[in-house]
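The block underneath contains the structure these notes are about, expressed in structure tokens.
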Amino acid sequence: MKFLSIFVLTKLIKDNMNRNFLTKGIMMAVAAMLIATVSWAQGDKASRPSPPQTASGKVGGANISIHYSSPSVKDRKIFGDLVPYDKIWRAGANEATIFETDKAVTIGGKQLAAGKYSLYATPGEKEWTFTFNAETGQWGIKRTGDTSKDASKDVLSVKALPVRSASMNEKLKYEVTATGFTLSWENTEVPVVIK
């Protein structure tokens with residue numbers, strides 16, 4: 001009887017050790033896959049043809065940041081071709097461009113509350129419209145090629161006048177200055193005044 005108890009106990013210990021070893025092995029494999037997935041996802045974003053960028057600065061007392069993906073010209077005609085005139089555009093590449101302010105600001109004579117907004121643009125040959133939209137976190141375009149902007153969530157639209165830039169800008173760039181922000185790409189700059 002004693003021999004049988006020791007045998008059963010030994011068998012239980014061995015089975016438990018095998019299970020623990022198997023459980024640990026599975027857990028280590030799952031952890032390795034998760035680490036690889038996270039590393040791939042981070043590397044994927046950084047290695048995109050239109051990498052993520054941030055422009056930030058202070059306008060009056062407000063801290064402003066613009067988070068966008070920066071596409072390149074790559075020997076293409078941009079405005080009026082790749083980015084058509086008079087059609088809403090995500091104002092960058094990949095995810096919708098994000099405009100964030102920590103204090104209320106005045107843009108084009110209109111009040112914009114502190115917060116985070118998707119920023120869209122409608123380029124024109126002589127005049128642009130920038131639209132601040134309350135929905136954030138969405139991909140910038142739908143499968144149809146149209147922007148993902150939900151017009152019912154538009155908060156503010158302002159007009160801006162494009163000018164010819166002093167030099168060619170291969171990559172799309174935003175700059176936050178003491179007087180607002182400027183979008184620059186190809187041979188175009190579009191300043192937006194913020195107070």
Side-chain angles (χ1 to χ4, degrees), residues 41-42 45-46 48-73 78-79 83 85-141 146-195:
Q42 289 174 344
K45 200 169 195 177
R48 290 177 178 177
S50 302
Q53 301 291 326
T54 299
S56 55
K58 205 166 186 100
V59 180
N63 292 303
I64 292 176
S65 296
I66 301 173
H67 306 279
Y68 63 102
S69 291
S70 177
S72 297
V73 172
I78 301 301
F79 298 112
V83 177
Y85 288 133
D86 305 317
K87 184 175 180 187
I88 194 82
W89 170 52
R90 60 185 156 177
N94 304 324
E95 298 86 356
T97 296
I98 299 294
F99 177 94
E100 189 170 4
T101 177
D102 67 347
K103 291 188 171 62
V105 293
T106 301
I107 306 174
K110 301 170 188 174
Q111 192 80 17
L112 182 68
K116 191 184 282 192
Y117 304 90
S118 288
L119 178 65
Y120 293 93
T122 305
E125 287 187 70
K126 305 227 184 279
E127 184 178 70
W128 283 41
T129 301
F130 283 92
T131 303
F132 297 81
N133 185 281
E135 182 179 21
T136 61
Q138 70 278 18
W139 195 253
I141 58 172
D146 294 326
T147 63
S148 55
K149 183 174 91 65
D150 178 351
S152 70
K153 296 185 179 166
D154 289 352
V155 175
L156 175 75
S157 290
V158 296
K159 303 290 185 187
L161 301 176
V163 295
R164 186 164 180 81
S165 56
S167 61
M168 160 63 161
N169 298 288
E170 175 63 26
K171 295 191 84 48
L172 170 74
K173 178 177 86 173
Y174 283 90
E175 183 179 5
V176 178
T177 67
T179 59
F181 72 86
T182 302
L183 177 152
S184 302
W185 197 20
E186 193 186 31
N187 296 310
T188 301
E189 288 183 2
V190 191
V192 176
V193 177
I194 300 176
K195 295 180 181 177

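Taking OG1 of Thr97 as the start and CG of Leu183 as the end, the distance is 8.5 Å to the nearest 0.5 Å. With values rounded to the nearest 0.5 angstrom, Lys116 atom NZ is found 14.0 Å from Asn133 atom CG. Note that CG of Leu161 is 11.0 Å distant from NZ of Lys126, once rounded to the nearest 0.5 Å.
Annotation for Lys110 and Leu156: closest pair CB-CD1, 3.0 Å, computed over non-hydrogen atoms. Considering all non-hydrogen atoms of both residues, Glu189 and Ser184 come closest at CG-OG, 3.4 Å. Counting all heavy atoms, side chain and backbone alike, Asn94 lies closest to Ser50 at ND2-O, 3.0 Å. Closest approach of Thr188 and Val190 over heavy atoms only: CG2-CG2, 3.9 Å. Nearest heavy atom pair, residue Ala91 against residue Leu172, reads O-CD2, 4.0 Å. Nearest heavy atoms, Ala62 versus Thr101: CB-OG1, 3.6 Å.
Taking the side chain as every heavy atom from C-beta outward, Arg90 and Tyr68 never approach each other to under 4.5 Å. Contact check for Thr122 versus Trp128: no side-chain heavy atoms found under the 4.5 Å cut-off.
The ring pair (Phe, Tyr, Trp, His ring centres under 6.0 Å) test with Phe99 is passed by exactly one of Phe130, Phe132, Tyr120: Phe132.
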| message | Go through it in stages, so that I can follow the logic: the residues are Val73 and Met168, the test is side chain to side chain contact (heavy atoms under 4.5 Å, CB included), and I'd like the CA-CA distance, side-chain angles, deciding distance and then a yes or no. | response | CA-CA 10 Å; Val73 172; Met168 160 63 161; 3.7 Å; yes
| Should Ile64 and Ile194 be marked as a side chain to side chain contact (heavy atoms under 4.5 Å, CB included) after you check the CA-CA gap, both sets of side-chain angles, and the distance that decides it? | CA-CA 10 Å; Ile64 292 176; Ile194 300 176; 3.9 Å; yes
| query | Would Ile98 and Ser118 count as a side chain to side chain contact (heavy atoms under 4.5 Å, CB included) if you check the C-alpha gap in whole Å, the side-chain angles of each, and the deciding distance to 0.1 Å? | reply | CA-CA 5 Å; Ile98 299 294; Ser118 288; 3.9 Å; yes
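For residues 171-181, the side-chain hydrogen bond (donor to acceptor under 3.5 Å, both in side chains) pairs, not counting sequence neighbours, are Ser72-Lys171, Thr177-Thr179. The list of side-chain hydrogen bond (donor to acceptor under 3.5 Å, both in side chains) pairs with a residue in residues 52-61, not counting sequence neighbours, reads Thr54-His67, Lys58-Asn63.
For the 3.5 Å distance criterion, the side chains of Ser157 and Thr131 qualify, holding a donor opposite an acceptor.
Under a 3.5 Å cut-off, the side chain of Trp139 and the backbone N or O of Ala96 do not form any donor-acceptor pair.
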